[in-house]
Amino acid sequence: MTSADPLVLGIESSCDETGVALVRGNTLLADVTASSMDEHVRYGGIIPEIASRAHLEVMVPTIDAALDAAEVTLADVDAIAVTAGPGLVGSLTIGASAAKALALALGKPLYGVNHVIGHACVDQLVHGDFPERVMALVVSGGHSSLLLVNDIARDVRQLGQTLDDAAGEAFDKVGRLLGLPYPGGPHIDALARDGNPHAIRFPRGLTAPKYAETHAYDFSFSGLKTAVARYVETERDAGRDLNLPDIAASFAEAVVDVLTAKTLAACQRNNIDTLVIGGGFSANSQLRDKAAARCAEAGIALRIPPIRYCTDNGAMIAALGSAVVRAGVAPSSLTFGVDSAMPLNVISV
Ligand code: KG4
Ligand code: ZN
């Protein structure tokens with residue numbers, strides 16, 4: 001951090017987390033998160049209207065808490081960054097409205113930035129600025145995206161994405177199928193650690209040779225989910241006890257095998273020697289283990305931030321805001337609209 005670096009306030013509200021953080025350069029000064037997840041658990045999924053109301057209630061207290069924790073005032077803030085998309089439109093609107101009001105009242109520049117790119121950029125707070133070109137795999141309950149990052153502030157290209165469920169979403173759906181609590185991801189992870197990943201051969205989506213041209217870097221997990229459902233049904237019909245650890249381990253293996261194989265192929269074909277993994281699903285131990293093993297084998301440096309940076313938070317948005325401000329990118333207009341389906345080559349609006 002240098003004192004010349006701008007102090008950036010970041011606001012995240014794309015889903016169920018209200019996150020506010022302050023960053024100077026790549027130094028995180030405060031990161032405060034309020035989550036409405038407890039209110040969604042009984043529905044087994046995020047209810048957008050409940051999430052929006054929760055953002056509205058906690059937005060101002062969360063901003064105040066972050067300023068207090070960083071021991072700064074609003075007058076010290078040099079720029080404001082906020083998630084412009086993708087995400088739930090009502091939730092995004094609460095964060096964007098708060099950020100616009102602050103920018104207008106303080107006369108400070110506003111940057112509407114991309115949530116998914118933030119998941120990659122947050123790693124700069126932990127491991128420093130990215131080298132010139134990196135590959136980023138962003139995996140969570142809402143996204144599974146493979147990004148070629150030529151310049152995190154100016155040039156990001158999407159190489160692939162999921163065509164149906166995100167990786168975490170697939171885990172959550174299989175968790176429900178196996179009777180595990182919501183969200184099922186961490187429960188499957190725990191079960192899988194005691195199972196045999198090669199016990200059941202589940203399908204690897206979009207890996208057949210016919211997809212090599214059209215979907216080389218895309219993912220699909222819905223067929224896998226159906227295969228698990230069919231397997232469970234067959235076992236039950238036959239009166240056999242389910243071996244949950246083996247099912248969990250074999251399912252997890254199918255997901256992380258495809259994620260890492262396609263990601264490593266993309267690194268090699270694009271001559272990229274650094275891989276960044278971000279998003280809530282990067283907490284998954286099967287993914288961490290397989291990515292570490294395959295990167296070591298291929299001579300690729302692997303950067304995964306600690307788990308607290310991988311889930312949705314304000315730090316990722318402040319980090320991307322800081323990168324964009326330092327690169328001299330023009331601020332967003334105060335009239336920008338949030339975009340629930342913001343394209344992944346748009347870093348800031
Ligand atoms: O990034 P995140 O907190 O929220 C979204 O933007 O989606 O990611 C949450 C997702 C959920 O689907 C959750 O089940 C999954 O990440 N997840 C995991 C693990 N920890 C979180 N999935 C598998 N194994 C884990 N250890
Ligand atoms: Zn996210």
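Quick caveat: nothing in here was measured; it's all calculated off a predicted structure. If you read the sequence from its start, that first residue is 1, and numbering goes on from there. All ligand and atom numbering here is 1-based and tracks the order in the structure.
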For [atom], grab the closest protein heavy atom and report residue, atom and distance to one decimal in Å.
| atom | result |
| --- | --- |
| atom 26 (N) of ligand 1 | D189 OD2, 2.8 Å |
| atom 24 (N) of ligand 1 | N284 ND2, 3.0 Å |
| atom 6 (O) of ligand 1 | D312 OD2, 3.2 Å |

Do [X] and ligand 1 have an N or O pair less than 3.5 Å apart?
| X | result |
| --- | --- |
| E17 | no |
| P183 | no |
| G280 | yes |
| G168 | yes |
| G184 | no |

If you compare all heavy atoms of T62 against all heavy atoms of T18, which two are closest, and at what distance to 0.1 Å?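 Looking at all heavy atoms of both residues, the closest pair is CG2-O, 4.0 Å.
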If you take all heavy atoms of L147 and I117, which pair is closest and at what distance?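 Between these two residues, the closest heavy atoms are CD1-CG1, 4.2 Å.
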Counting each atom of ligand 1 from 1 as listed, which ones have a heavy atom of [X] under 4.0 Å away?
| X | result |
| --- | --- |
| G142 | 7 (O) |
| F171 | 23 (C) |
| S140 | 1 (O), 5 (C), 6 (O), 7 (O), 8 (O) |
| A283 | 20 (N), 26 (N) |

Yes or no on side-chain hydrogen bond (donor to acceptor under 3.5 Å, both in side chains) for D312 and H115, after CA distance, side-chain angles and deciding distance? CA-CA 9 Å; D312 291 350; H115 175 89; 3.2 Å; yes
Determine, step by step, whether D164 and K173 satisfy the salt bridge (Lys or Arg N to Asp or Glu O under 4.0 Å) criterion, reporting the C-alpha distance in whole Å, the side-chain angles of both residues, the deciding distance to 0.1 Å, and the verdict. CA-CA 12 Å; D164 37 63; K173 287 182 176 171; over 6 Å; no
Residues D241 and R236 bridged, charged N to O under 4.0 Å: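 No salt bridge links D241 with R236.
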State plainly whether the residues R24 and D5 are in salt-bridge range, i.e. N to O under 4.0 Å.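 No salt bridge links R24 with D5.
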Under the criterion ring pair (Phe, Tyr, Trp, His ring centres under 6.0 Å), which of F171, F202, F221 is the partner of F251?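 Passing option: F171.
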As an exercise, state the distance from [atom1] of [X] to [atom2] of [Y], rounded to the nearest 0.5 Å.
| X | Y | atom1 | atom2 | answer |
| --- | --- | --- | --- | --- |
| I347 | D155 | CD1 | CG | 6.5 Å |
| S14 | M342 | OG | CE | 11.5 Å |
| S35 | N313 | OG | CG | 12.0 Å |
| H198 | S250 | NE2 | OG | 8.5 Å |

Can you list everything that forms a salt bridge (charged side-chain N to carboxylate O under 4.0 Å, His left out) with D273? Sequence neighbours excluded, please.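 D273: no salt bridge (charged side-chain N to carboxylate O under 4.0 Å, His left out) contacts found.
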If hydrogens are left out, which of G141, A192, S285 has an atom nearest to atom 9 (C) of ligand 1, that is, the closest non-hydrogen atom?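 Result: the heavy atom closest to atom 9 (C) of ligand 1 is in G141.
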Shortest heavy-atom approach to atom 13 (C) of ligand 1 - which of D172, I307, V255: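 Checking each option, the heavy atom nearest atom 13 (C) of ligand 1 is found in D172.
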Below 4.0 Å from ligand 1: does a non-hydrogen atom of C15 turn up there or not?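 Per 4.0 Å heavy-atom rule, C15 does not contact ligand 1.
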Name the one of K290, R294, Q286 that satisfies side chain to side chain donor-acceptor pair (under 3.5 Å) with T260?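 The residue from K290, R294, Q286 that satisfies side chain to side chain donor-acceptor pair (under 3.5 Å) with T260 turns out to be R294.
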Under 2.8 Å from the Zn ion (ligand 2), which protein N, O or S atoms are there? Could you list them by chain and number?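 The answer is H115 NE2, H119 NE2, H143 NE2, D312 OD1.
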Region of F281 engaging ligand 1 - heavy atom pairs below 4.0 Å: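 Contact part for F281 vs ligand 1: both backbone and side chain.
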Under 6.0 Å from the CZ atom of R176, do we count more than 12 heavy atoms belonging to anything else shown?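 No, not enclosed.
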